[in-house]
Amino acid sequence: MTKTNKTPQKQCETDIKSTTLTPVRYLDSPCQQSPTSHDATLATCKTRLETLVKQLQDNYAKWQLAQQRGTSICYAIEAKKTKCLEKSEGDDGSGSAYPDDLLLPCKKLAIIASIFGDFANNTRETLRQLRGLTKLPGAAADTIFYRSWRLPQFVAFTKELAERYEQEALVKTQVAENIAHCTRRSELIEHTSLWEYPEHVDAYVRLGFLLLAEEVTLK
């Protein structure tokens, strides 16, 4: 019987024992962010959030100015239209229902009414961008950037605001299109009141902006 030669096996074992093995590091996730990348994402998110909040506040300030200006014009139209109605109810029935000096304030009111639509559209765009911030990689959506609000709360606030702007814009358009065609004093008062006392962008919205200002004001 031939005797088996075991020398090669011993040589192999010696080679394995003498070989230096390089350690391999396995990451928990191939998409895991480094601390530097995470901080940069949060910084970018904070900067964009500050800009969007400022836009919301600036638009609301402009909304209030447009509201006041429109109210003054409504009263001017109401006064002119009332005189027309009084003349038409007189004994001679003379006078036009649409005097020349009624045209200019009606045009101004129509322009202001269209601006309210712009406020609604701008707020919708702000809402879109805020939703985009919640989808940034990392923990941006769960981070408190100011006092207590997280990004979803800013999104919820802006979503409701956009809806209220849109509803109020429809009312403003209705008033601007119809106030000059009122045939009774009561209708004039109704249209002026619809503009002067907003149903949708009301004290609740004003309180919301006060809370927003308190949230983003740093001590």
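- For an aromatic pair to be called close, the ring centres must be under 6.0 Å apart, and F209 with W63 fails this.
- The backbone N or O of T183 sits less than 3.5 Å from a side-chain atom of E187, completing a donor-acceptor pair.
- With F154 as the aromatic partner, K159 does not meet the cation-pi criteria of under 6.0 angstrom to the ring centre and within 45 degrees of the ring axis.
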Item to complete: Could you walk me through whether E125 and Q129 pass side-chain hydrogen bond (donor to acceptor under 3.5 Å, both in side chains), step by step?
Response: CA-CA 6 Å; E125 173 59 21; Q129 294 184 41; 3.0 Å; yes

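- Applying side chain to side chain contact (heavy atoms under 4.5 Å, CB included) to I77 and the options C182, S72, P105 leaves one that passes, P105.
- The shortest distance between side-chain heavy atoms of L212 and W149 falls below 4.5 Å.
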Fill in: Evaluation steps, side-chain contact (heavy atoms from CB on, under 4.5 Å), between N178 and H191
CA-CA 8 Å; N178 294 291; H191 280 72; 3.6 Å; yes

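- The shortest heavy-atom contact between C45 and F145 is SG-CZ, 3.6 Å.
- L109 is not connected to Y75 by any chain of hydrophobic side-chain contacts under 4.5 Å among Ile, Leu, Val, Met, Phe, Trp and Tyr, and they are in different clusters.
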Worksheet entry | Test side-chain contact (heavy atoms from CB on, under 4.5 Å) applied to L52 and L133, step by step | CA-CA 11 Å; L52 295 175; L133 293 184; 4.1 Å; yes

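- Residues Q153 and S148 share a closest heavy-atom pair of OE1-O, 3.4 Å.
- Atoms CD and OG1, on E177 and T173 in that order, are 6.0 Å from each other to the nearest 0.5 Å.
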Discussion item. Quick one, E168 with R164, criterion salt bridge (charged side-chain N to carboxylate O under 4.0 Å, His left out). Give me CA distance, side-chain angles, the key distance, then yes/no.
Written reply: CA-CA 6 Å; E168 198 62 51; R164 287 175 174 270; over 6 Å; no

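- The line from CG of L136 to OG1 of T143 is 10.5 Å long, rounded to the nearest 0.5 Å.
- Taking CD1 of I115 as the start and CG of N59 as the end, the distance is 11.5 Å to the nearest 0.5 Å.
- Of the N and O atoms on the side chains of R185 and T82, at least one donor lies less than 3.5 Å from an acceptor on the other residue.
- The heavy-atom pair separating L188 from I179 by the smallest distance is CD2-O, 3.5 Å.
- In this structure the side chain of L49 reaches within 4.5 angstrom of the side chain of L130, judged on heavy atoms.
- Open room surrounds CZ on R48; 12 or fewer heavy atoms of other groups in view lie less than 6.0 Å from it.
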Practice prompt. Given side-chain contact (heavy atoms from CB on, under 4.5 Å), test C74 with V175 step by step and report yes or no.
Written response: CA-CA 9 Å; C74 283; V175 172; 4.2 Å; yes

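- To the nearest 0.5 Å, atom OG1 of residue T192 and atom OH of residue Y197 are 10.0 Å apart.
- When side chains are defined from C-beta on, I112 counts as touching W195, because their heavy atoms get closer than 4.5 Å.
- In K46, the NZ atom is crowded: over 12 heavy atoms of neighbouring residues, nucleotides or ligands sit closer than 6.0 Å.
- With no hydrogens or angles considered, no side-chain donor-acceptor pair links E163 and Q167 at under 3.5 Å.
- For H181 and Y98, the ring centers are positioned less than 6.0 Å apart.
- T158 contributes atom OG1, which lies 10.5 Å from atom CD of Q55 (distance to the nearest 0.5 angstrom).
- Heavy atoms only, all atoms of each residue included: P198 and D202 are closest at O-CB, 3.7 Å.
- Remark: the backbone N or O of A141 is not paired with any side-chain donor or acceptor of R150 at under 3.5 angstrom.
- With contacts defined as side-chain heavy-atom distances shorter than 4.5 Å, the pair Y165/E160 does not qualify.
- To the nearest 0.5 Å, the span separating CG on L127 from CG on N122 amounts to 12.5 Å.
- Listed here is the closest heavy atom pair of A180 and L102: CB-CD2, 4.2 Å.
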Discussion item. The test is salt bridge (charged side-chain N to carboxylate O under 4.0 Å, His left out); show your working for K83 and E86 and say whether it passes.
Written reply: CA-CA 5 Å; K83 290 181 180 180; E86 289 174 348; over 6 Å; no

Practice prompt. Output, in order, the C-alpha distance, side-chain angles, deciding distance and verdict of salt bridge (charged side-chain N to carboxylate O under 4.0 Å, His left out) for K81 and E78.
Written response: CA-CA 5 Å; K81 191 67 179 181; E78 180 183 333; over 6 Å; no

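- Nearest heavy-atom pair, Y146 versus V216, reported as atom, atom and distance to 0.1 Å: CD2-CA, 3.6 Å.
- Summarising the local packing, CG of D101 is surrounded by more than 12 heavy atoms from other residues, nucleotides or ligands at distances under 6.0 Å.
- A donor-acceptor pair under 3.5 Å is formed between the side chain of R147 and the backbone N or O of T217.
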Worksheet item: Checking side-chain contact (heavy atoms from CB on, under 4.5 Å) for the pair V205/Y60: CA distance, chi angles, key distance, verdict?
Response: CA-CA 9 Å; V205 172; Y60 182 60; 3.9 Å; yes

Practice prompt. Let me see the working for D58 and K62 under salt bridge (charged side-chain N to carboxylate O under 4.0 Å, His left out), right down to the final yes or no.
Written response: CA-CA 6 Å; D58 289 347; K62 294 175 182 178; over 6 Å; no

